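Before any comments, here is the structure.
Hydrogens, waters and symmetry mates are skipped; everything else that's a heavy atom, side chains included, is used. Everything numeric here is computed off the predicted structure, so don't read it as measured data.
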Amino acid sequence: MTSVFFALSILTACLKLVSPKSLANLVFPEGTKHDFVVKRITYKSDDDDYDTFHSEANSTYLLQHAEATRFNLFTGFQTPAEREDSFKVNETVNVHCGFYSDNGGFKISEEDKRYMRTCKVVVSTCAFGGGDDLYQPIGMANSSFDRVCYTAFWDEVTLSTQEAEGKVIGDNGMIGRWRIVVVKSLPFVDQRLNGKIPKMLTHRLFPEARYSIWVDSKYQFRRDPIAVLEALLWRTNSTFAISEHGARSNIYDEGKAIVQKHKATPEEVEVQLTQYHQDGMPGVKRLYGLKALAEASIIVRELTPAPNHFMCAWFNEVVRFTSRDQLSFPYVLWRMNMPGMSMFPVCSRRDLVNSLGHTRKVKPLTQTKPESSAS
């Protein structure tokens with residue numbers, strides 16, 4: 001793998017934002033100064049492999065493969081060899097990154113797609129299965145109103161749950177500051193995995209956007225998004241910022257904690273960590289100058305080829321193994337050595353949000369899953 005300089009941008013104090021007066025005159029930078037290797041990223045789709053995958057024999061194989069894994073027509077069927085290739089950093093990369101087939105699910109209305117194409121800076125969250133209420137963002141400066149889209153992804157269960165409580169989407173598609181995008185035909189039975197789609201694949205959902213801030217649904221975002229971009233990306237010349245993990249630093253210790261807290265089964269964690277150990281993943285506390293373990297409830301990033309490549313690889317790992325994304329993050333970080341990566345301390349994360357917790361237990365998905373092979 002080509003060696004690249006890894007930008008270390010850990011803030012030494014809690015989040016320091018520019019003043020509202022300075023914010024009003026803030027101009028988006030032309031770009032970062034990193035000499036990125038990845039110049040162009042393309043995504044594998046059903047059409048790319050039509051001749052290979054649509055023979056009767058291969059259709060049978062794919063169906064059997066889908067039954068044994070969580071790969072499906074939304075993700076595509078990433079092979080072990082393709083997984084290895086996906087970590088290679090080249091000028092042009094072609095990777096699985098969701099939305100593999102029109103029959104794969106995660107359906108969004110054309111009206112919502114048109115709206116999403118207008119967004120240049122997006123703050124996004126999601127609540128699938130009726131689990132969480134929608135917390136209105138606060139703290140945005142007047143100068144940012146026309147520059148930021150707040151988008152919340154719901155499924156039909158959440159929609160009906162919220163409507164029953166009197167929270168109805170307006171004729172403009174909004175509830176308060178949030179544009180509500182109702183997704184149909186979710187591709188996974190595991191609702192945690194469905195939630196990784198808007199969390200990790202923002203660049204696929206907002207093709208014209210330049211920056212994104214992901215906020216888990218248990219939080220109320222309370223800072224100006226443009227000021228956050230300035231503090232966590234532009235000021236540090238970064239393209240990706242994520243919070244340090246507050247409790248642990250080692251991937252293998254995190255695996256033990258996940259099992260102890262019953263957030264994944266011992267068997268699936270063992271499969272994942274055994275694979276990582278075989279691949280040579282070290283059990284270190286720091287990688288390329290950064291803390292090895294992240295707390296991924298807030299992700300701030302530029303939607304350019306290198307960070308998009310990183311997110312595709314990360315998404316495929318949570319599909320292949322467990323849905324606990326903090327377990328796969330250090331592995332992808334280790335494999336890809338992406339430039340422009342930064343981390344911020346826990347106190348900065350607390351400055352960004354009010355933690356209001358999960359409202360109710362998520363209802364399991366009961367709708368019919370998308371078919372595992374094309375008809």
- Query: Is P137 close to R222 at the side-chain level, that is, under 4.5 Å between some pair of heavy atoms?
  - Reply: no

- Item | Minimum-distance pair of heavy atoms, taken over all atoms of T158 and G130 | OG1-N, 2.8 Å

- Message: For a 4.5 angstrom cut-off between non-hydrogen side-chain atoms, does Q191 reach L186?
- Response: yes

- Item | Spatial distance of atom CD1 (I226) from atom OG (S144) [nearest 0.5 Å] | 4.5 Å

- Query: Under 3.5 Å, is there a donor-acceptor pair between the side chain of R70 and the main chain of F321?
  - Reply: yes

- Query: At their closest point, which heavy atom of R320 faces which heavy atom of P80, and how far apart are they?
  - Reply: NH2-N, 4.2 Å

- Within the distance-only criterion (no hydrogens, no angle test), does the side chain of T322 pair as donor or acceptor with the backbone N or O of V318 below 3.5 angstrom? no

- Query: Among the clusters formed by ILVMFWY side chains lying less than 4.5 Å apart, do F28 and L26 turn up in the same one?
  - Reply: yes

- With no hydrogens and no angle check, do the side chains of R301 and H203 hold a donor and an acceptor under 3.5 Å apart? yes

- Task: Decide yes or no for W154 and V183: does some side-chain heavy atom of the first lie under 4.5 Å from some side-chain heavy atom of the second?
- Result: no

- Task: Please say which of V182, N194, I197, V181 ends up in a side chain to side chain contact (heavy atoms under 4.5 Å, CB included) with F153.
- Result: V181

- Do you know the tightest heavy-atom contact between S217 and C126? CB-O, 3.2 Å

- Okay, side chain of N72, backbone of T75: is any donor-acceptor separation there less than 3.5 Å? yes

- Task: Can you establish whether the number of heavy atoms outside E163 located under 6.0 Å from its atom CD is more than 12?
- Result: yes

- Query: Okay, side chain of D112, backbone of I108: is any donor-acceptor separation there less than 3.5 Å?
  - Reply: no

- Is the shortest heavy-atom distance from the side chain of Y288 to the side chain of W334 under 4.5 Å? yes

- Message: So does A141 get a backbone contact from the side chain of D224, meaning a donor-acceptor N/O pair under 3.5 Å?
- Response: yes

- Query: Would you call E111 and R114 a salt bridge, taking side-chain N to carboxylate O under 4.0 Å as the test?
  - Reply: no

- Is the charged tip of R147 near the ring of Y211: under 6.0 Å from the six-membered ring centre and within 45° of its axis? no

- With respect to I299, which candidate in I242, V215, D325, D216 satisfies the side chain to side chain contact (heavy atoms under 4.5 Å, CB included) definition? I242

- Query: Will you find, in the side chains of Q275 and D279, an N or O donor that is under 3.5 Å from an N or O acceptor?
  - Reply: yes

- Would you mind reporting whether P198 and F106 have side-chain heavy atoms less than 4.5 Å apart? yes

- Query: With no hydrogens and no angle check, is any side-chain donor or acceptor of Q136 less than 3.5 Å from a backbone partner on R177?
  - Reply: yes

- hydrophobic_cluster_shared for M281 and L333, side chain cutoff 4.5 Å: yes

- Message: Check for me whether the distance between the ring centres of F329 and W314 falls short of 6.0 Å.
- Response: yes

- Task: Kindly say whether A306 contributes a backbone atom to a donor-acceptor pair with the side chain of T304 at under 3.5 angstrom?
- Result: no

- How about M311 and F240: do any of their side-chain heavy atoms sit closer than 4.5 Å? yes

- Item | Derivation of the side-chain contact (heavy atoms from CB on, under 4.5 Å) call for F310 and M341 | CA-CA 10 Å; F310 183 93; M341 177 75 70; 3.8 Å; yes

- Aromatic ring proximity Y331/Y276, centre distance under 6.0 Å: yes

- To the nearest 0.5 Å, atom CD of Q260 lies from atom NE2 of H262 at 9.0 Å

- Item | Common cluster, V259/L293, ILVMFWY with side-chain heavy-atom separation under 4.5 Å | no

- Query: For S297 and Y219, which heavy atoms make the closest approach, and how far apart are they?
  - Reply: OG-CE1, 3.1 Å

- K285 NZ: over 12 foreign heavy atoms closer than 6.0 Å: no

- Message: Between R335 and E84 (salt bridge meaning N to carboxylate O under 4.0 Å), is one present in this structure?
- Response: yes

- Query: If we ignore angles and hydrogens, is there a donor and acceptor under 3.5 Å between the side chains of S348 and D351?
  - Reply: no

- Do we get R179 above Y115's six-membered ring, with its NZ or CZ under 6.0 Å from the centre and within 45° of the axis? yes

- Task: Please report the shortest heavy-atom distance between S249 and K291, naming the atom on each side.
- Result: OG-CE, 3.0 Å

- Message: Are V157 and F128 packed together at the side-chain level, in the sense that at least one heavy-atom pair is separated by less than 4.5 angstrom?
- Response: no

- Message: Set out, in order, the CA-CA distance, both residues' side-chain angles and the distance that settles side-chain contact (heavy atoms from CB on, under 4.5 Å) for I169 and L159, then state yes or no.
- Response: CA-CA 9 Å; I169 302 173; L159 176 63; 3.6 Å; yes

- Query: Quick check: does any side chain N or O of N354 sit under 3.5 Å from a backbone N or O of Q220, one acting as donor and the other as acceptor?
  - Reply: no

- Message: Tell me if a side-chain donor or acceptor on N250 pairs with a main-chain N or O of D253 at a distance below 3.5 Å.
- Response: yes

- Query: Is any NZ, NE, NH1 or NH2 atom of the basic residue among R235 and E230 found under 4.0 Å from an Asp or Glu carboxylate oxygen of the other?
  - Reply: yes

- Message: Could you tell me if R204 sits above the aromatic ring of Y43, with its cationic atom closer than 6.0 Å to the ring centre and no more than 45 degrees from the axis?
- Response: yes

- Item | Shortest non-hydrogen contact from S323 toward R192 | CB-CB, 4.1 Å

- Query: What do the steps show when you test V95 against I41 for side-chain contact (heavy atoms from CB on, under 4.5 Å), and what is the final call?
  - Reply: CA-CA 8 Å; V95 293; I41 182 170; 4.0 Å; yes

- Message: Below 30° counts as parallel, above 60° as perpendicular, anything between as tilted: where do the rings of W178 and Y150 land?
- Response: perpendicular

- Roughly how far, to the nearest 0.5 Å, is the NZ atom of K167 from the CD atom of Q162? 4.5 Å

- Task: Output the distance between atom OG (S22) and atom CG (L17), rounded to the nearest 0.5 Å.
- Result: 11.5 Å

- Message: Nearest 0.5 angstrom please: I298 CD1 to L352 CG, how far?
- Response: 5.0 Å

- Message: Closer than 3.5 angstrom, by distance alone: can the side chain of T274 be matched with the main-chain N or O of E270 as a donor-acceptor pair?
- Response: yes

- Message: Just checking F99 against F74, ring centres under 6.0 Å apart?
- Response: yes

- Is the closest basic N to carboxylate O distance between K39 and E91 below 4.0 Å? no

- Is any side-chain heavy atom of K44 closer than 4.5 Å to a side-chain heavy atom of C97? no

- Task: Starting from the C-alpha separation in whole Å, work towards a yes-or-no answer on side-chain contact (heavy atoms from CB on, under 4.5 Å) for L233 and T239.
- Result: CA-CA 6 Å; L233 297 186; T239 60; 5.7 Å; no

- Task: Would you indicate whether K120, at its atom NZ, is surrounded by more than 12 heavy atoms from other residues, nucleotides or ligands within a distance under 6.0 Å?
- Result: yes

- Message: Could you see if L201 belongs to whatever hydrophobic cluster contains V122? Use Ile, Leu, Val, Met, Phe, Trp, Tyr and a side-chain cutoff under 4.5 Å.
- Response: yes

- Query: Side chains of Q326 and E254: do they bring a donor and an acceptor to under 3.5 Å?
  - Reply: yes

- Side-chain ion pair, R349 and E244, N-O less than 4.0 Å: no

- L232 CG to L15 CG distance, which is reported to the nearest 0.5 Å: 5.5 Å

- Item | Same apolar cluster: F221 and M174, side chain cutoff 4.5 Å | no

